[in-house]
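Presented below is the structure to which this report refers.
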Number of protein chains: 2
Amino acid sequence: MPWKDGTGPPWLHGKFKGCGYRMTMPRQIILDVLSGTTEHLSAEDIYHKVHSAYPSIGLTTVYRTLELLVHAGLIHKFDFGDGRARYELVEGSQNTGHHHHLVCTGCGGIIDYADFIDQEIELLKKTEKGLSKKYNFKITNHLIQFYGLCAKCQKQ
Amino acid sequence: MPWKDGTGPPWLHGKFKGCGYRMTMPRQIILDVLSGTTEHLSAEDIYHKVHSAYPSIGLTTVYRTLELLVHAGLIHKFDFGDGRARYELVEGSQNTGHHHHLVCTGCGGIIDYADFIDQEIELLKKTEKGLSKKYNFKITNHLIQFYGLCAKCQKQ
DNA sequence: ATTTTAATGATAATGGTTTTCATTTTCATT
DNA sequence: AATGAAAATGAAAACCATTATCATTAAAAT
């Protein structure tokens, strides 16, 4: 987790404290909501879920907190092409960690997929290494999504 | 290219005509602009470029035409995280066809990369086949992007 | 406790994209 | 060539997710 002002090494020391961030109730609850789901929630989804436990929450705070968490590397922000961003914990109790997505262009549904075969991971590493060298590009992350039709939408 | 009303087989018969679409000047020029660049243009970029050849063009028409072309499968719509969509021809004279992207999170620059190694293509096919079977998901497309810092941004 | 600094939330603003609707253009038919 | 029906266009307004503003409140430091 990077220091608030952008300097300093990226250790994950506690969660917020120790890096200049304050752990407040809204932040706590937003993290709780994200920890307790496997869905791909939008900012407004999160706002509504938080609202039931903490009615005074403002949508602005949700956006601000999500931005903070993305910057801190605790959550990922995705775009599945429906005009709103989706957020999910990088690693959570529900979440098994890094995964890729199958996005249904029919209904907008999303399937997580993390059962990579060894060959897949190996090649990905190899590819990243090759690209880094060839283009002198320091890769920090990747996004892999497959688009198509889910079982349900194929029938219609 | 799918028939205008959504029915019918997806042949590419001519470009527009023969499928119920009309080939008009704005559409012609928008396609010309897309054919003549390797950049990743936004709707407004395209609007400005078209404007010099056809000043009466409206931004609305650009959006509408781009949507049409995406639906027809002639162009791809990408989101690189800067709040505006980018468009590029699926296959063009400049463009060598399918490729992946390196997205610099520093300056927003984008590097196209299409020199896949055989192993890479093979594994991708294999992965798609495996996923299709396992999740009964009909894959029609994929998106692969690597995020990181380009050579320039690494120095700063 | 008190002070300092950061976080919050209501509201307004932003900006890319869509809708609306009257007008114009295209294409098939006289 | 002229006509008429259907489709495409463009200007303006509407949309809507996200950001900025700013006065108020809460959290950590003193």
Side-chain angles (χ1 to χ4, degrees), chain A residues 1-6 13-31 33 40-48 50-72 75 77-87 108, chain B residues 1-6 14-31 40-48 50-72 75 77-87 108:
Chain A
M1 186 159 175
W3 192 266
K4 195 177 174 181
D5 57 13
H13 172 269
K15 282 203 170 174
F16 279 89
K17 299 178 189 176
C19 280
Y21 296 105
R22 290 178 183 176
M23 178 48 83
T24 64
M25 194 59 69
R27 291 175 178 180
Q28 195 77 256
I29 297 178
I30 289 171
L31 275 170
V33 165
H40 304 82
L41 302 173
S42 68
E44 205 175 342
D45 292 338
I46 293 166
Y47 169 71
H48 284 128
V50 172
H51 192 269
S52 64
Y54 192 81
S56 73
I57 189 85
L59 184 54
T60 310
T61 299
V62 173
Y63 274 106
R64 261 190 306 236
T65 304
L66 289 171
E67 188 192 1
L68 177 70
L69 292 173
V70 168
H71 179 246
I75 64 175
K77 181 180 184 178
F78 289 106
D79 172 85
F80 297 124
D82 65 344
R84 67 193 61 196
R86 309 268 167 178
Y87 301 85
Chain B
M1 186 161 175
W3 191 265
K4 194 178 176 182
D5 57 16
K15 283 204 170 172
F16 279 86
K17 299 180 190 174
C19 280
Y21 296 105
R22 291 177 180 176
M23 179 49 84
T24 63
M25 195 60 68
R27 290 176 178 180
Q28 195 77 256
I29 298 177
I30 289 171
L31 274 170
H40 305 83
L41 302 174
S42 68
E44 205 174 342
D45 291 339
I46 294 166
Y47 170 72
H48 284 127
V50 172
H51 193 269
S52 63
Y54 192 82
S56 73
I57 188 86
L59 183 54
T60 309
T61 298
V62 173
Y63 274 107
R64 262 191 304 236
T65 304
L66 290 171
E67 188 192 0
L68 177 70
L69 293 172
V70 168
H71 178 245
I75 64 175
K77 181 180 183 179
F78 289 106
D79 173 85
F80 297 124
D82 65 344
R84 68 192 62 195
R86 307 272 168 177
Y87 302 85

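Heavy atoms only: backbone and side chains are in, while hydrogens, waters and symmetry mates are out.
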Worksheet item: Expressed in angstrom and rounded to an integer, what is the separation of A:R27 atom CZ from D:dA27 atom C1'?
Response: 11 Å

Fill in: Aromatic ring proximity, centroids under 6.0 angstrom, B:H40 and B:F78
no

Practice prompt. Looking at every strand, decide which applies to A:Y54 at a 4.0 Å heavy-atom threshold: base, sugar-phosphate, or nothing.
Written response: sugar-phosphate

Discussion item. If the condition is ring-ring contact (aromatic ring centres under 6.0 Å, His included), which residues does B:H51 pass it with, not counting sequence neighbours?
Written reply: B:Y47

Worksheet item: If we fit an axis to the first five pairs and another to the last five of the helix from C:dA1-D:dT30 to C:dT30-D:dA1, what angle do they make, to the nearest 10°?
Response: 30°

Worksheet item: How long is the gap from CG on A:L66 to CG on A:L41, to the nearest 0.5 Å?
Response: 9.5 Å

Fill in: Where A:L68 and A:R27 come nearest, the two heavy atoms and their spacing
CD2-CZ, 3.7 Å

Discussion item. Run the ring-ring contact (aromatic ring centres under 6.0 Å, His included) test against A:Y63 and tell me which residues pass, sequence neighbours left out.
Written reply: none

Worksheet item: Whole-Å distance between D:dT18 C1' and A:Y47 OH?
Response: 15 Å

Fill in: Distance, nearest 0.5 Å, that separates CD1 of B:I29 from OG1 of B:T61
11.5 Å

Worksheet, complete the sentence: When rounded to whole Å, the CE to P distance for the pair A:M23 and C:dA6 reads 17 Å

Worksheet item: In whole angstroms, how far is the C1' atom of D:dA17 from the CD1 atom of A:I46?
Response: 14 Å

Worksheet item: How does protein contact run along nucleotides 12-25 of chain C, one letter per nucleotide 5' to 3', with B for base contact, S for sugar-phosphate only, - for none, heavy atoms under 4.0 Å?
Response: ----SBBBB-----

Worksheet item: Rounding to a whole Å, what distance do you find between A:Y21:OH and D:dA26:C1'?
Response: 19 Å

Worksheet item: Just how far, in rounded Å, is P of D:dA8 from NE2 of B:H71?
Response: 13 Å

Practice prompt. Specify the separation, in whole Å, of atom CE of A:M25 and atom C1' of C:dG9.
Written response: 16 Å

Discussion item. Suppose we screen for ring-ring contact (aromatic ring centres under 6.0 Å, His included). Which residues come up paired with B:Y87, at least two apart in sequence or across chains?
Written reply: none

Practice prompt. Go through the structure and list residues passing salt bridge (charged side-chain N to carboxylate O under 4.0 Å, His left out) with A:R86, not counting sequence neighbours.
Written response: A:D45, A:D82

Worksheet entry | Sole residue of A:I75, A:V50, A:T24 in side-chain contact (heavy atoms from CB on, under 4.5 Å) with A:I30 | A:V50

Worksheet entry | Nearest-angstrom distance from the residue atom CG of A:L66 to C1' of C:dG9 | 15 Å

